[in-house]
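Worksheet: one structure, shown below.
By convention in this document, chain letters (A, B, ...) are assigned in the order of the sequence lines, proteins followed by strands, and residues within each chain are numbered from 1.
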Amino acid sequence: MNFVEELRWRGMLHDIMPGTEELLNKGMVSGYIGFDPTADSLHVGSLAQIMTMIHFQRAGHKPFALVGGATGMVGDPSGKSAERNLLSEDALQHNLAGIRGQLEKFLDFDCGANSARMVNNYDWFKDFSFLNFIRDVGKHITVNYMMAKDSVKNRIGGDTGMSFTEFSYQLVQGYDFYYLWKHHNCALQMGGSDQWGNIVTGTELIRRKDAGEAFAITTQLIKKADGTKFGKTEGGNIWLDPEKTSSYKFYQFWLNTSDEDAKTYVRIFTLFDRETIESLEADQDAAPHLRTLQKALAKDITIRVHGEAEYEKAIKSSEFLFGNTGIEFLNELNDAEVLALFEGVPNFNISLNDLANGIAAVDLLAASTSVFPSKGEAKKMIAGGGVAVNKVKINTADDVYNKDVLINGKYLVAQKGKKNYFLIIAE
RNA sequence: GGGGGGAUACCAGAGCGGUCAAAUGGGACGGACUGUAAAUCCGUUGCUUCGGCUACGAAGGUUCGAAUCCUUCUCCCCCCA
């Protein structure tokens, strides 16, 4: 398998430094990608970089995952229009641990020569004094060179300014590359296309400091066809951590991919080969309403991230919530089964007494539970016809609900819009 | 250190004594259509016991009445040194 070829046909390749392909074809190469520790979990946006590493390792190369304990303290100005908030050291350590745990699931850390490795740049920066840094590293790169980077130009031209700290970021990242090159024979850095400038500062540093040679590959940033940001939904980011984004929500995220995006995403986020993808696409084009692509995509990623069992649960929940199954189906299930079906769906507990005398829809959804943040909003949305209880639309905000509507004597299913479900448990 | 400009809802941005819970655009959410798609069209976008209440950087003041005027403070930007 040819790594660059693989990226190319999958449409992932953005830019590649001359000579890189030749180097990779000669034999095993060590390469790295840096991950930003701004949260304690990676999200689907980072998944593209993880996929790059997986391909890299499958092609017989040795991947290094760098978690940026040091760079995380500084903040990357790339793509940011304003100065970042700095993370505390505690928060950073916590985030690093979470990310390490996730990366371990995707890469093989025990397969001989090309086993993946995890490194933390804090290890080589923590005892590197400021004076030594500006003497040994800063001396080699001119301010002129640094100022020419787009990420810097944009910020200097903008109106929020840029601190010296963020300005230094590219040097810090550049030194990472130098360090890995020097100590781990790491000749290639990969990253999203917004990282090109930072990566090149690294190859430049390697050349000027040690007259060495290092290479760069960047991948396409994931965009949606409609131009909006990839990886966000009403609920916010889609995380890989099931505590933050349930496997059901995760599955739903991919299932809801638009037709257009699905074609690019199967290439980027699955390991299906070319024939498989083309045949899936043919199926999709023949019968778009079946959403063959979305289902294959969602299945593959959900299993890889959360495992087979979680995928099965997500499917069951999805089929019940979006399929033709009537709400009465719940009557046939025992409590454990109901809860399993609604795992990943937000739930609320209310007391049976609340229902004893009947409760108005608004109070049920905005007071007894937090389906809505305020009564006003609940009323508006009910008036707009966007709210349902037990799959039946609420007509007016004053509609009264009592024990009779409970499914299984205990459950109520509220729907806000078409896709947002809530389980209300009365006991 | 001197001079100037600014801070308005999620964001951008109008308003410059009452008719302002605040134009417009974007975003977000909801509806219709569909395939849990895209595009399109429509609606909503401070809280409320529907009497009101809290809001235009913060605190005071003027006024019957302030986002709008005055004072002080905080922060941001620009120019000069």
Sub-6.0 Å ring centroid separation between A:F250 and A:F253: no
Please report, rounded to the nearest Å, how far the P atom of B:A38 is from the CD atom of A:Q294. 10 Å
Partner of A:V305 under side-chain contact (heavy atoms from CB on, under 4.5 Å), chosen from A:T302, A:I301, A:I303: A:I301
To the nearest Å, give me how far apart CG (A:L293) and P (B:A38) are. 15 Å
Aromatic plane relationship, A:F230 with A:Y265 - under 30° parallel, 30 to 60° tilted, over 60° perpendicular: perpendicular
Determine whether any donor atom in the side chain of A:E377 lies under 3.5 Å from an acceptor atom in the base of B:U45, or the reverse, and answer yes or no. no
Among A:Y178, A:F215, A:F177, which one satisfies ring-ring contact (aromatic ring centres under 6.0 Å, His included) with A:Y32? A:F177
A:N2 side chain to A:E21 side chain, donor-acceptor N/O pair below 3.5 angstrom: no
Under 4.0 Å: is that the gap between some side-chain N or O of A:N256 and OP1 or OP2 of B:A38? no
Could you state the atom-to-atom distance from NE2 of A:H289 to P of B:C33 in whole Å? 18 Å
Mind calculating the distance between CG (A:L290) and P (B:U34) to the nearest angstrom? 17 Å
C1' atoms of B:G13 and B:G52, separation to the nearest Å: 30 Å
Would you mind pulling out the nucleotide paired to B:A38, Watson-Crick or G-U wobble, both distances under 3.5 Å? none
Give me the distance, rounded to whole Å, that separates B:U24 from B:C77 when you measure between the P atoms they each carry. 32 Å
I want to verify the glycosidic state of B:G51; is it syn or anti under the 90° rule? syn
With a cut-off of less than 4.0 Å, is there a side-chain N or O of A:K380 near OP1 or OP2 of B:G31? no
Hey, which sits more toward the 5' end of RNA chain B by its nearest nucleotide, A:K375 or A:S258? A:S258
Kindly say if A:K416 contacts the phosphate of B:U44, meaning a side-chain N or O under 4.0 Å from OP1 or OP2. no
Taking CH2 from A:W254 and C1' from B:G35, how many angstroms apart are they, rounded to a whole number? 20 Å
What is the distance, to the nearest angstrom, from the CZ atom on A:F322 to the P atom on B:U34? 18 Å
Would you measure the distance from the C1' atom in B:U74 across to the matching atom in B:G60 and give it in whole Å? 15 Å
Between B:A7 and B:A67, how far apart are the two P atoms, rounded to whole Å? 15 Å
Verify the contact: side-chain N or O of A:K224 to OP1 or OP2 of B:A38, cut-off strictly under 4.0 Å; return yes or no. no
Which nucleotide, B:G30, B:C50, B:G35, lies nearest any side-chain atom of A:M381? B:G30
Tell me the interatomic distance from A:F372, atom CZ, to B:A28, atom C1', rounded to whole angstroms. 15 Å
Going by the angle between their ring planes, with limits at 30° and 60°, are A:W239 and A:H43 parallel, tilted or perpendicular? perpendicular
Please give the distance between the P atoms of B:G15 and B:U68 as a whole number of Å. 14 Å
Look at the side-chain N and O atoms of A:S374 and state whether any lies under 4.0 Å from the OP1 or OP2 oxygen of B:G46. no
Pick the P atom in B:U8 and in B:U62, then give their distance to the nearest Å. 27 Å
Distance between the C1' atoms of B:G26 and B:C33, in whole angstroms? 24 Å
Quantified in whole Å, what is the P atom distance between nucleotide B:C29 and nucleotide B:C79? 40 Å
Whole-Å gap separating P (B:U36) and OH (A:Y421): 11 Å
Starting at the 5' end of RNA chain B, which residue's closest nucleotide do you reach first, A:G386 or A:E260? A:G386
Are A:S246 and A:E343 linked by a side-chain donor-acceptor pair shorter than 3.5 Å? no
Using a cut-off of 4.0 Å on non-hydrogen atoms, how would the nucleic acid contact of A:K393 be classed: base, sugar-phosphate, or nothing? sugar-phosphate
Just to be sure I understand the rule, does A:K418 reach a base, reach only the sugar-phosphate, or reach nothing, if contact means heavy atoms closer than 4.0 Å? base
